[in-house]
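Input: a single structure, listed below in structure tokens.
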2 protein chains.
Amino acid sequence: MVKDTRTRMIDATATLIQARGYRGTSLSDVLAASGAPRGSLYFHFPGGKEDLVLEAVRAGVEIATEELRVALDTAEHPADGVRAFFRAAAREMVASDFRFGCPVAPVVLDEPELDTELDALCRDAFAEWAEAYRNAMRKRGVDAQRARRTARTVLAALEGALLLARSERDTAPLDEIGEEMADLVARTCADHDAATARPSDRSDGPAEA
Amino acid sequence: MVKDTRTRMIDATATLIQARGYRGTSLSDVLAASGAPRGSLYFHFPGGKEDLVLEAVRAGVEIATEELRVALDTAEHPADGVRAFFRAAAREMVASDFRFGCPVAPVVLDEPELDTELDALCRDAFAEWAEAYRNAMRKRGVDAQRARRTARTVLAALEGALLLARSERDTAPLDEIGEEMADLVARTCADHDAATARPSDRSDGPAEA
DNA sequence: GCGAATATGACGATCGGTCTACATACGAAA
DNA sequence: TTTCGTATGTAGACCGATCGTCATATTCGC
């Protein structure tokens, strides 16, 4: 089954935005990549570029969210889920010749108009991803505050690692920082375990990998 | 003393790139912001936009590098330096109404041509910053491999935190992730101390903040 | 066959980056 | 002082790209 024009346009836009950013992606590029003629755009996306980009980012976020969910749900321990997700990112990086990246970051850095739907979508995406990490740790009983901070840190580190990996054209940053974050998550959970086992005196032990 | 035209153009470009990215920054914007006339551009920057951007990024990187160096050199402990640098970033974020950011990230995400001077400059900037963190830890005797990984992680987390802070229009990500990273650096150094004190049995103790 | 949904690419207003021609400042030679 | 040559700065014309529009096909449901 051949994908319809609308879907092809969204996919092409999502890919191009990850590679070149919002403003770096021209409608002509999208048209060329999707093989669609110019006029079709305004039939499917009456709002023009803004409308198209919104759908594209939405689609990109959805895919990433789903992959993250699977990685975390499949893993025995949240730390393993984090490791798996960083590894998946590294694979996509190689597969795309280092053009892969976060679907949201390029949009945020290209300063979309504030208080638009696009702006809100980006914020929500970050929040959703952070929540996924957080929930994985909360399921292990880690307290809310601690889980929230660690989750945010993992998310930020991933964003940064994607940036470094692209710049260096090497997955090493993703690999190493992924390990580092897996350790952090493991330690966060382990600290909790130790704290609940001996509430007044938490110290050594299972924090070692 | 009034800054000369060339310097004003570079400053304006650096600021605009941080706010809107490479492609989002038009020469007209730069001209308007710097109050310089159109034609002057090709006198000062014969290479055109590419040339101008190169200088602007170079200037931005230099400022950031210097601030990082000061933060790390001034601090008692590398962890304090990291904390201070994240805090400084948070302050600049507020001062700029959340338009502040890494001078390099927007360029990397707008996919500059590969194998250009600009591309190399971005890579070198990341390498230089990572090295600064690494050296600070190595001075405390942390082993090379460990210091390198932690340094890269701190750098990535900062990049991500800047992104999150901009998106949320809130310094909370910078504040929290800064603390997380300070902890990580403190732990990295403490682990080393413990390991050297009792080479065969490293465990509890000063890892606690 | 007929109306509605979908598809098409040519068109124009605007804006982007680049370039060539012109103006001024300054110092040396006559 | 005048003349000239060079370094520096300025102005606006140019051409291509970009985005959005439209009048016209084509396909589908009935």
Side-chain angles (χ1 to χ4, degrees), chain A residues 1-57 106-107 109-113 116-119, chain B residues 1-59 106-107 109-114 116-119 121:
Chain A
M1 165 208 162
V2 178
K3 287 181 181 175
D4 67 358
T5 304
R6 190 186 142 90
T7 307
R8 278 195 329 240
M9 287 197 282
I10 291 179
D11 290 350
T13 307
T15 304
L16 284 168
I17 286 183
Q18 284 185 24
R20 321 188 198 172
Y22 182 9
R23 315 208 198 206
T25 301
S26 81
L27 295 186
S28 303
D29 293 336
V30 173
L31 265 16
S34 63
R38 189 157 204 79
S40 302
L41 228 158
Y42 288 80
F43 172 72
H44 293 293
F45 305 94
K49 190 180 184 182
E50 200 182 328
D51 201 349
L52 169 62
V53 168
L54 189 67
E55 293 304 319
V57 173
V107 176
L109 286 190
D110 272 2
E111 195 186 49
E113 306 298 318
T116 58
E117 221 173 321
L118 185 56
D119 175 37
Chain B
M1 164 207 164
V2 178
K3 287 182 180 176
D4 67 357
T5 304
R6 188 185 145 90
T7 306
R8 278 198 327 250
M9 287 198 281
I10 291 179
D11 291 351
T13 306
T15 304
L16 285 168
I17 286 183
Q18 284 185 25
R20 320 189 198 173
Y22 182 10
R23 314 205 201 209
T25 301
S26 80
L27 295 187
S28 302
D29 294 336
V30 173
L31 265 17
S34 64
R38 193 160 198 78
S40 302
L41 232 157
Y42 285 78
F43 172 71
H44 293 294
F45 306 95
K49 190 180 184 180
E50 200 181 328
D51 202 348
L52 170 62
V53 168
L54 189 66
E55 293 303 320
V57 173
R58 213 194 294 280
V107 176
L109 286 189
D110 272 4
E111 194 186 49
E113 306 299 318
L114 261 43
T116 58
E117 220 174 320
L118 185 56
D119 175 38
L121 175 59

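Quick note on labels: first sequence line is chain A, next is B, and so on, each numbered from 1.
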Exercise for review: Spell out yes or no: do the side chain of B:Arg38 and the base of C:dG17 have one donor N/O and one acceptor N/O closer than 3.5 Å?
Suggested key: yes

Practice item. Can you tell me the distance, in whole Å, between the CG atom of B:Leu31 and the P atom of C:dG16? Key: 11 Å

Practice item. Using a cut-off of strictly less than 4.0 Å, decide whether A:Tyr42 has a side-chain nitrogen or oxygen near OP1 or OP2 of D:dG20. Key: yes

Review point. To the nearest 0.5 Å, how far apart are NE2 in B:His44 and CG in B:Leu52?
Key: 11.0 Å

Exercise for review: Go through the structure and list residues passing salt bridge (charged side-chain N to carboxylate O under 4.0 Å, His left out) with A:Asp29, not counting sequence neighbours.
Suggested key: A:Arg20

Study note, to complete from the structure: note: A:Arg23, atom CZ; C:dG17, atom P; distance rounded to Å ~ 12 Å

Review point. Under 4.0 Å between a side-chain N/O of A:Thr5 and OP1 or OP2 of C:dA7, yes or no?
Key: yes

Review point. More 5' along DNA chain D: A:Gly39 or A:Asp29, using each one's nearest nucleotide?
Key: A:Asp29

Point to revise | Length of the line joining A:Lys49:NZ and D:dA17:P, which is rounded to integer Å | key: 16 Å

Review point. Any donor-acceptor pair under 3.5 Å linking the side chain of B:Arg23 with the backbone of A:Arg23?
Key: no

Point to revise | Sequence-distant partners of B:Leu54, side chain to side chain contact (heavy atoms under 4.5 Å, CB included), two or more places apart | key: B:Arg58, B:Glu117, B:Leu118, B:Leu121

Check your understanding: How is B:Ser40 classified with respect to the nucleic acid when contacts are heavy atoms under 4.0 Å: base, sugar-phosphate, or nothing?
Key -> base

Practice item. Would you tell me if any nitrogen or oxygen in the side chain of A:His44 comes within less than 4.0 Å of OP1 or OP2 on C:dT6? Key: no

Exercise for review: Give a yes or no answer on whether the side chain of B:Asp110 reaches the backbone of B:Tyr22 with a donor-acceptor pair at less than 3.5 Å.
Suggested key: yes

Practice item. Can you tell me the distance, in whole Å, between the CG atom of A:Leu16 and the P atom of D:dT18? Key: 12 Å

Exercise for review: Five pairs at each end of the helix from C:dG1-D:dC30 to C:dA30-D:dT1: take the axis at both ends and give me the angle between them to 10°.
Suggested key: 10°

